[in-house]
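Notes to accompany the following structure.
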2 protein chains.
Amino acid sequence: MSDSASIRHDFVQFWGSLGSYWGIPPATARVYAWLISQPQACNADAIVEGLEMSRGAVSMAARELRDWGLVHVERSPGSRQVVYRPETDLELAIRNIVEMRKRREWDPLLARLRGWIGELDGQRSAEAEVFRERLRSIEALVGMADAMAESFLKGGLVQKLGLKVLVASAQRRRGKKEGKR
Amino acid sequence: MSDSASIRHDFVQFWGSLGSYWGIPPATARVYAWLISQPQACNADAIVEGLEMSRGAVSMAARELRDWGLVHVERSPGSRQVVYRPETDLELAIRNIVEMRKRREWDPLLARLRGWIGELDGQRSAEAEVFRERLRSIEALVGMADAMAESFLKGGLVQKLGLKVLVASAQRRRGKKEGKR
DNA sequence: ACGAACTTTCAATAGTTTCTGAAAGTACGA
DNA sequence: TCGTACTTTCAGAAACTATTGAAAGTTCGT
């Protein structure tokens with residue numbers, strides 16, 4: 001027990017359940033977890049067997065993962081079969097996810113907020129004024145989040161920021177570990 | 001048209017649809033948006049009428065929002081009626097959300113990752129080794145995200161980081177606006 | 001250009017989440 | 001303590017989302 005097969009199973013299960021927090025269908029998240037847990041790229045059959053899901057579901061999940069840049073679909077030279085290779089550079093993967101979410105969520109939200117604020121600027125009622133000020137404070141915050149995301153996408157953030165923060169957390173963690181030994 | 005009522009309607013609708021990206025039920029998100037759009041705190045009846053939803057749904061949404069720290073439930077002194085006041089300090093609201101998600105998602109994920117890595121440390125197969133290294137890189141990244149979240153929760157992040165980033169984005173935005181005038 | 005080997009699509013089904021509304025619960029004033 | 005004016009709960013209905021599997025579409029070797 002607790003061999004790598006059972007750990008893989010737990011990992012796949014847990015990762016799948018996490019997916020729902022992030023708006024990723026569980027089956028899709030499970031496929032990604034499975035691929036990460038395998039040393040080499042897998043073909044569709046291996047996934048069908050390993051995860052006990054239908055061929056169609058595997059194909060759907062793989063397509064979605066490809067859209068997110070989380071797996072690469074590869075075709076061996078003299079074969080009709082495709083194999084799925086997970087993106088293991090997680091920073092790259094996260095960059096893809098952040099970019100997609102920014103485009104889908106923040107950008108339209110910011111655009112609409114600014115539009116609404118502009119319209120409310122033309123109104124004199126006290127009601128409109130309160131509403132406008134609240135929208136403004138949302139805009140400021142979303143704008144900041146957006147700017148942070150953009151900065152992350154340009155590649156600087158993890159290095160610039162992450163480092164300082166990481167040092168602190170690594171120290172904290174090292175402290176714990178050494179206490180145990 | 002395009003008076004504050006119609007803007008409110010659009011805002012409520014859009015905010016509700018955004019909710020789904022964040023795992024917040026649409027009705028819950030709509031109630032919050034509605035409250036933000038009103039100058040004073042509302043009672044349940046006003047929400048039932050304004051959003052055309054059932055009394056029960058309003059109560060459920062309000063309870064969830066209260067759990068997230070996004071609304072405050074207040075009872076006027078000589079009255080049985082409660083009014084719902086939205087938290088308008090968005091930074092505080094976001095802090096609450098981040099804290100809750102961290103506890104629900106990152107903390108258990110990190111704990112399990114570390115457990116699995118520990119178990120895989122005891123195994124010699126090449127397969128286990130690849131898997132373990134991948135889990136390690138996930139752990140490093142999640143650990144960093146976790147540390148950033150923690151730093152944000154301690155109150156420093158927005159000031160320390162946000163400022164630099166904000167300056168850049170404000171300059172960019174100001175540039176655009178002045179171009180228009 | 002054809003047929004085999006494989007992948008992708010999509011209509012139907014299964015499953016899950018969200019919403020409703022009536023019933024139960026709670027807090028206040030008298 | 002009782003009745004009233006409200007809120008909360010929860011079982012079931014409705015709406016939505018995910019999954020299956022058979023049919024359609026692709027791609028490659030010959």
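These numbers were taken from a predicted model, which means no experiment stands behind them. Numbered from 1 within each chain, the chains take letters A, B, ... in sequence-line order.
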Whole angstrom value for the distance that separates [atom2] of [N] from [atom1] of [X]:
X	N	atom1	atom2	value
B/E52	C/dC19	CD	P	14 Å
A/R30	D/dA18	CZ	P	12 Å
B/L65	D/dT7	CG	P	16 Å
A/N43	C/dT8	CG	P	12 Å
B/L51	C/dT20	CG	P	11 Å
A/D45	C/dA5	CG	P	13 Å
B/E74	D/dC6	CD	P	18 Å
B/D67	D/dT8	CG	P	11 Å

Base, sugar-phosphate or nothing for [X]? Non-hydrogen atoms, less than 4.0 Å.
X	answer
B/A27	sugar-phosphate
A/R55	base
B/M60	base

Aromatic plane relationship, A/F14 with B/W116 - under 30° parallel, 30 to 60° tilted, over 60° perpendicular: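 B/W116 and A/F14: perpendicular rings.
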ILVMFWY cluster, B/V73 and B/V58 together (side-chain gap under 4.5 Å):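 Linked, B/V73 and B/V58 end up in one cluster.
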A/W15 six-ring centre to A/R30 NZ/CZ under 6.0 Å and within 45° of normal: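 No cation-pi geometry.
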Cationic tip of B/R101 above B/W106 ring, under 6.0 Å, 45° of axis: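 Geometry flag: not set, cation outside 6.0 Å or 45°.
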Ionic contact status for B/R95 with B/E99, cut-off 4.0 Å: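 Result for this pair is no, no salt bridge flagged.
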Side chain of [X] (C-beta onward), nearest among [options]:
X	options	result
B/R63	C/dT7, D/dT8, D/dT20	D/dT8
B/R75	C/dG21, C/dC28, D/dT8	C/dC28
B/Q81	C/dC28, D/dT9, D/dC6	D/dC6

5′-ward residue of the pair B/A44/A/M53 relative to DNA chain D: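 The 5'-side residue here is B/A44.
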